[in-house]
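Down below is the structure, laid out as structure tokens.
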Amino acid sequence: MKAFKRHTVTAALPYANGPKHIGHLAGAYIPADVYVRYLRSLEKDVIFVCGSDEHGTAIPNQAVKENTTPRAIIDKYHVQMRDCFKALGIAFDVYHRTSEPIHHKTSQEIFLTLFNKGLLTEEVSEQYYDADAKAFLADRYIVGTCPKCGHPNAYGDQCEKCGSSLSPRDLINPRSTLTGNVPVLRETKHWYLPLENYEGWLREWILKGHATDWKTNVFGQCKSWIDAGLQPRAMTRDLDWGIKVPLPNAEGKVLYVWFDAPIGYVSATRAFFEEVSSGKLEFAQPQRDFGTVKADDWKKYWQDEETKLVHFIGKDNIVFHCIIFPIMLHAHGEFIVPDNVPANEFMNLEGDKMSTSRGWSIEMHEYLEDFPGKPDVLRYCLLANLPETKDSEFTWKDFQSRNNNELVAILGNFVNRALVLTQKYFDNKVPAKGTLQPADIAALESLKGQPARIAQALELYKFREATAALMDLARLGNKYLADTEPWKLHKTDPDRVATILHVALQIVANLAIAAEPFLPFSAARINEMLNLQSRLWKDAGSDSLLAEGHALGVSGLLFEKIEDSVIEKQLEKLHAKKKLMNPVVAELTPLKSEITFDDFAKLDIRVGKVLSAEKMEKSNKLLKLLVDTGVDKRTVLSGIALHYTAEEMVGKQVTLIANLAPRKMMGIESQGMILMAEDADGKLRLLQPNEVVMPGAVVS
RNA sequence: GGCGCGGUAGCUCAGGUGGUUAGAGCGUUGGAUUCAUAACCCAAAGGUCGGGGGUUCAACUCCCCCCCGCGCUACCA
């Protein structure tokens with residue numbers, strides 16, 4: 001393994017359009033924090049950067065929803081996220097934001113470098129433009145009828161009903177959501193990064209260079225993308241919210257949010273060194289002594305081959321952090337690329353996907369409000385169950401059981417036992433170590449080896465294993481006490497008891513060191529109770545952290561039990577929130593603009609009968625139907641395979657648009673369109689006459 | 001459909017360049033114990049390692065096919 005001089009660790013910039021939930025914590029922030037705290041304990045030269053991602057079309061979108069300005073949105077959520085992270089002990093050296101001038105400057109510089117090196121291509125294409133709003137319309141601002149499922153309110157980038165990804169040009173009857181106008185096509189110029197030019201480099205770097213040290217899910221995902229063939233990707237957008245494209249004749253154009261967001265790591269680092277070197281801290285909060293620094297020192301962390309760059313992200317970000325951003329950095333020429341991207345999978349909640357918008361989530365601020373003083377409990381539960389190799393599951397019952405059976409019963413209990421016994425027998429002072437017996441020697445031996453076990457797991461990004469190894473240290477303590485039974489000896493052999501408690505207390509002191517990366521608040525409390533300064537990792541495993549006669553502090557309970565009622569309340573709250581967010585009447589689509597009778601009369605809608613049906617090969621949505629329309633028998637393709645089987649369609653009456661222009665799909669021509677009604681849950685239902693009518697019956 | 005990742009004890013998950021009795025925690029059962037937030041400690045029960053083929057002296061571990069879950073992707077006129 002390559003030896004590195006310093007580390008740059010990033011955690012995915014959270015998007016400032018809403019609160020973030022515990023799934024985000026499990027995906028990136030908690031493991032990143034544990035990793036960095038461990039490196040700091042090793043006295044490594046490390047910087048931990050993060051910040052709010054504040055550009056992109058969804059921010060103005062959210063502003064419209066909340067009836068306010070984009071600026072107000074990002075200010076609100078930036079502060080909320082920053083404060084929640086801090087309250088959870090996630091100790092960034094800098095928590096920046098992409099709306100800051102230094103970030104705009106950095107992003108523009110990088111864009112210009114790529115441009116000046118001739119690495120960007122210019123392309124003119126036709127995009128929708130709203131004449132009244134005098135603005136090109138971002139994909140999200142255009143709605144229209146989905147060409148695939150007929151949903152009348154599909155967005156320009158995606159139809160939320162059928163899930164297909166679209167481009168605005170695909171929409172039928174497009175409308176601007178800004179004004180309701182019909183947008184017109186207008187030519188616009190954009191700058192593209194030809195990703196395909198870097199395929200060879202990516203193959204070399206990832207497929208050859210990181211075949212063994214990257215997680216299988218990350219590596220597989222990258223391979224899949226590379227093998228599928230990369231394409232030019234637009235790095236600019238027509239939008240007024242974002243970073244201006246630093247070129248002449250580029251009014252109204254901003255950098256693509258996914259171009260500027262990862263650069264946020266760089267600008268955050270840059271801001272950090274500017275602030276620390278000038279002594280004016282705004283976003284920087286150095287978590288260790290960086291010594292004397294210069295504003296320019298950010299370059300060491302981004303441009304020196306001896307720096308190990310690690311991105312902590314969730315699996316949804318893999319392509320950006322492993323393909324696009326590295327290509328940007330590599331193409332620029334002066335930057336290093338990540339040594340590892342230990343992306344996690346997703347954490348589900350009580351059997352279902354976590355989703356803020358659907359109300360099925362535990363937001364960071366909700367947890368902090370409901371469980372004050374318990375950040376470590378959440379950290380522990382998430383760590384013990386991180387989605388490292390596959391999606392995992394958070395349940396409140398598991399939360400309770402981890403707290404009660406592990407934090408309270410094993411860790412808290414051991415610390416408490418050792419301290420209480422010392423208070424009882426030795427006036428709360430560390431007793432003298434006498435002659436060691438085999439049990440003592442064995443315990444100290446295990447103690448000595450445990451930090452290495454934890455460290456080894458952490459170096460390999462196996463946080464769950466590391467967390468379990470930490471708990472094993474507390475188990476070791478409990479077993480030691482159970483085996484030596486000092487409470488039975490204190491009348492007959494006080495010297496022996498002194499030795500035993502001396503050893504037990506050394507284990508407690510070690511727990512403070514080992515637990516610090518995982519449970520920083522609890523580690524600090526243990527030190528408080530021991531009346532001890534916090535120590536570094538190099539001291540972990542030592543049998544002499546506490547001197548004989550050292551006076552201990554005031555002890556108390558590290559963790560408290562969580563009752564069933566608390567858990568039940570959370571479950572109720574969760575279900576109530578879901579109901580609130582998903583009212584029975586789902587978001588109804590607004591009425592379309594008025595049409596004349598003649599418009600309607602153009603449609604030839606009639607009832608037909610399905611004569612036969614079969615699943616389209618190589619498709620999982622399409623059914624191929626043979627429909628008797630009365631006047632003819634024709635083939636109609638319909639995207640209903642997820643809702644109806646071929647068998648159950650046969651013999652059914654259907655309503656179809658019979659004079660719709662034929663369209664080829666998957667090599668077969670469809671001559672008509674079956675009408676469906678979609679329920680709130682997204683399920684499609686056939687539109688049928690309430691009594692059987694003859695095939696060909698006209699609907700009017 | 002294609003591609004990627006996964007499918008191991010009741011639950012949450014480890015593991016393996018193929019090789020003696022497949023692991024942990026929780027849960028369950030039994031025992032021991034009382035210093036400790038009735039916690040700790042010991043022990044036991046519990047798995048045809050998704051299904052079916054194949055390679056091999058030997059496969060849970062390699063190969064092929066199939067099924068299931070998750071994600072990306074194509075198709076819903």
Quick one: side chain to side chain donor-acceptor pair (under 3.5 Å) partners of [X], sequence neighbours excluded?
{"X": "A/Q570", "result": "A/D370"}
{"X": "A/D352", "result": "none"}
{"X": "A/R464", "result": "none"}
{"X": "A/N428", "result": "none"}

For nucleotides [N] and [M], find the distance between their [atom1] atoms and express it as a whole number of Å.
{"N": "B/C68", "M": "B/C75", "atom1": "C1'", "result": "23 Å"}
{"N": "B/A22", "M": "B/C49", "atom1": "P", "result": "11 Å"}
{"N": "B/C3", "M": "B/C13", "atom1": "P", "result": "27 Å"}
{"N": "B/U56", "M": "B/C62", "atom1": "C1'", "result": "10 Å"}
{"N": "B/C35", "M": "B/U21", "atom1": "P", "result": "44 Å"}
{"N": "B/G50", "M": "B/U33", "atom1": "C1'", "result": "44 Å"}
{"N": "B/G6", "M": "B/U12", "atom1": "C1'", "result": "15 Å"}
{"N": "B/G46", "M": "B/C11", "atom1": "C1'", "result": "13 Å"}

Once base and sugar-phosphate atoms are separated, protein heavy atoms under 4.0 Å mark nucleotides 2-10 of chain B, 5' to 3', with B, S and - as -SSSSS---
5'-most contact on RNA chain B: A/D391 or A/Q671, nearest heavy atom basis?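 Of the two residues, A/D391 wins.
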What is the pairing partner of [N], taking Watson-Crick or G-U wobble pairs with both distances under 3.5 Å in any strand?
{"N": "B/A39", "value": "none"}
{"N": "B/U34", "value": "none"}
{"N": "B/A22", "value": "none"}
{"N": "B/A44", "value": "B/U28"}
{"N": "B/C72", "value": "B/G2"}

Between [X] ([atom1]) and [N] ([atom2]), how many Å, whole number?
{"X": "A/Q400", "N": "B/G25", "atom1": "CD", "atom2": "P", "value": "20 Å"}
{"X": "A/L505", "N": "B/C35", "atom1": "CG", "atom2": "P", "value": "18 Å"}
{"X": "A/D472", "N": "B/A14", "atom1": "CG", "atom2": "C1'", "value": "13 Å"}
{"X": "A/F346", "N": "B/C70", "atom1": "CZ", "atom2": "P", "value": "13 Å"}
{"X": "A/E669", "N": "B/C75", "atom1": "CD", "atom2": "P", "value": "17 Å"}
{"X": "A/D316", "N": "B/C70", "atom1": "CG", "atom2": "C1'", "value": "13 Å"}
{"X": "A/Y425", "N": "B/U34", "atom1": "OH", "atom2": "C1'", "value": "10 Å"}
{"X": "A/F394", "N": "B/C11", "atom1": "CZ", "atom2": "P", "value": "20 Å"}

Within the structure, does a side-chain N or O atom of A/R402 lie under 4.0 Å from either OP1 or OP2 of B/C26? no
Distances under 3.5 Å only, N/O to N/O: pair up the protein atoms with those of nucleotides 36-43 of chain B.
from, atom 1, to, atom 2, distance (Å)
B/A36, OP1, A/K424, NZ, 3.2
B/A36, O3', A/N416, OD1, 3.4
B/A36, O2', A/N413, OD1, 2.9
B/A36, O2', A/N416, OD1, 3.2
B/A36, N3, A/N413, OD1, 3.4
B/A36, N3, A/N413, ND2, 3.4
B/A36, N3, A/R417, NE, 3.1
B/U37, N3, A/F559, O, 2.6
B/U37, O4, A/F559, N, 3.3
B/U37, O4, A/F559, O, 2.4
B/A39, OP1, A/K561, NZ, 2.9
B/A39, O2', A/A409, O, 3.1
B/A39, O2', A/N413, ND2, 3.1
B/C40, O4', A/N413, ND2, 3.4
B/C40, O2', A/R417, NH1, 2.6
B/C40, O2', A/N478, OD1, 3.4
B/C42, OP1, A/K479, NZ, 3.4

List the atom pairs, donor and acceptor, that lie under 3.5 Å between side-chain atoms in residues 558-567 of chain A and the rest of the protein, sequence neighbours left out.
from, atom 1, to, atom 2, distance (Å)
A/E560, OE2, A/K374, NZ, 3.0
A/D564, OD1, A/Q400, NE2, 2.7

Give the table of side-chain donor-acceptor pairs shorter than 3.5 Å for residues 479-486 of chain A, with sequence neighbours excluded, one pair per line with atom names and distance.
from, atom 1, to, atom 2, distance (Å)
A/K479, NZ, A/D483, OD2, 3.3
A/Y480, OH, A/D440, OD1, 2.7
A/T484, OG1, A/Y480, O, 2.8
A/E485, OE2, A/K488, NZ, 3.2

Partners meeting ring-ring contact (aromatic ring centres under 6.0 Å, His included) with A/Y35 (sequence neighbours left out):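 A/Y35: ring-ring contact (aromatic ring centres under 6.0 Å, His included) contacts with A/F312, A/Y461.
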How would you list, by chain and number, every residue that makes a ring-ring contact (aromatic ring centres under 6.0 Å, His included) with A/Y15, sequence neighbours excluded?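 Expected list: none.
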Among side-chain atoms of [X] and [Y], is any donor-acceptor pair under 3.5 angstrom?
{"X": "A/S555", "Y": "A/Q423", "answer": "yes"}
{"X": "A/R453", "Y": "A/Q456", "answer": "no"}
{"X": "A/D632", "Y": "A/T629", "answer": "yes"}
{"X": "A/E345", "Y": "A/N217", "answer": "yes"}

Does [X] reach a base, just sugar-phosphate, or nothing at all? Heavy atoms under 4.0 Å.
{"X": "A/L637", "result": "sugar-phosphate"}
{"X": "A/S392", "result": "sugar-phosphate"}
{"X": "A/E406", "result": "sugar-phosphate"}

Counting only heavy atoms not in A/K315 (residues, nucleotides, ligands), do more than 12 fall under 6.0 Å from its NZ?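 It does: A/K315 NZ has more than 12 such atoms within range.
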Can you check nucleotides 64-67 of chain B for protein contacts, nitrogen or oxygen pairs under 3.5 Å, and list what you find?
none

If you apply the rule salt bridge (charged side-chain N to carboxylate O under 4.0 Å, His left out), what do you find for A/R203 with A/D227, and how did you get there? CA-CA 9 Å; A/R203 283 187 184 281; A/D227 287 346; 3.1 Å; yes
Any idea how A/H321 and A/W258 line up, ring-wise: parallel (<30°), tilted (30 to 60°), or perpendicular (>60°)?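 Plane angle over 60°, so perpendicular.
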For A/W396 and A/F371, take the angle between the two ring planes, folded into 0 to 90°, and tell me which bin it lands in: parallel under 30, tilted 30 to 60, perpendicular over 60.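 A/W396 vs A/F371 ring planes: parallel.
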For RNA chain B, determine which residues of residues 376-385 of chain A have any heavy atom closer than 4.0 angstrom to one of its atoms, and list them numerically. A/N385
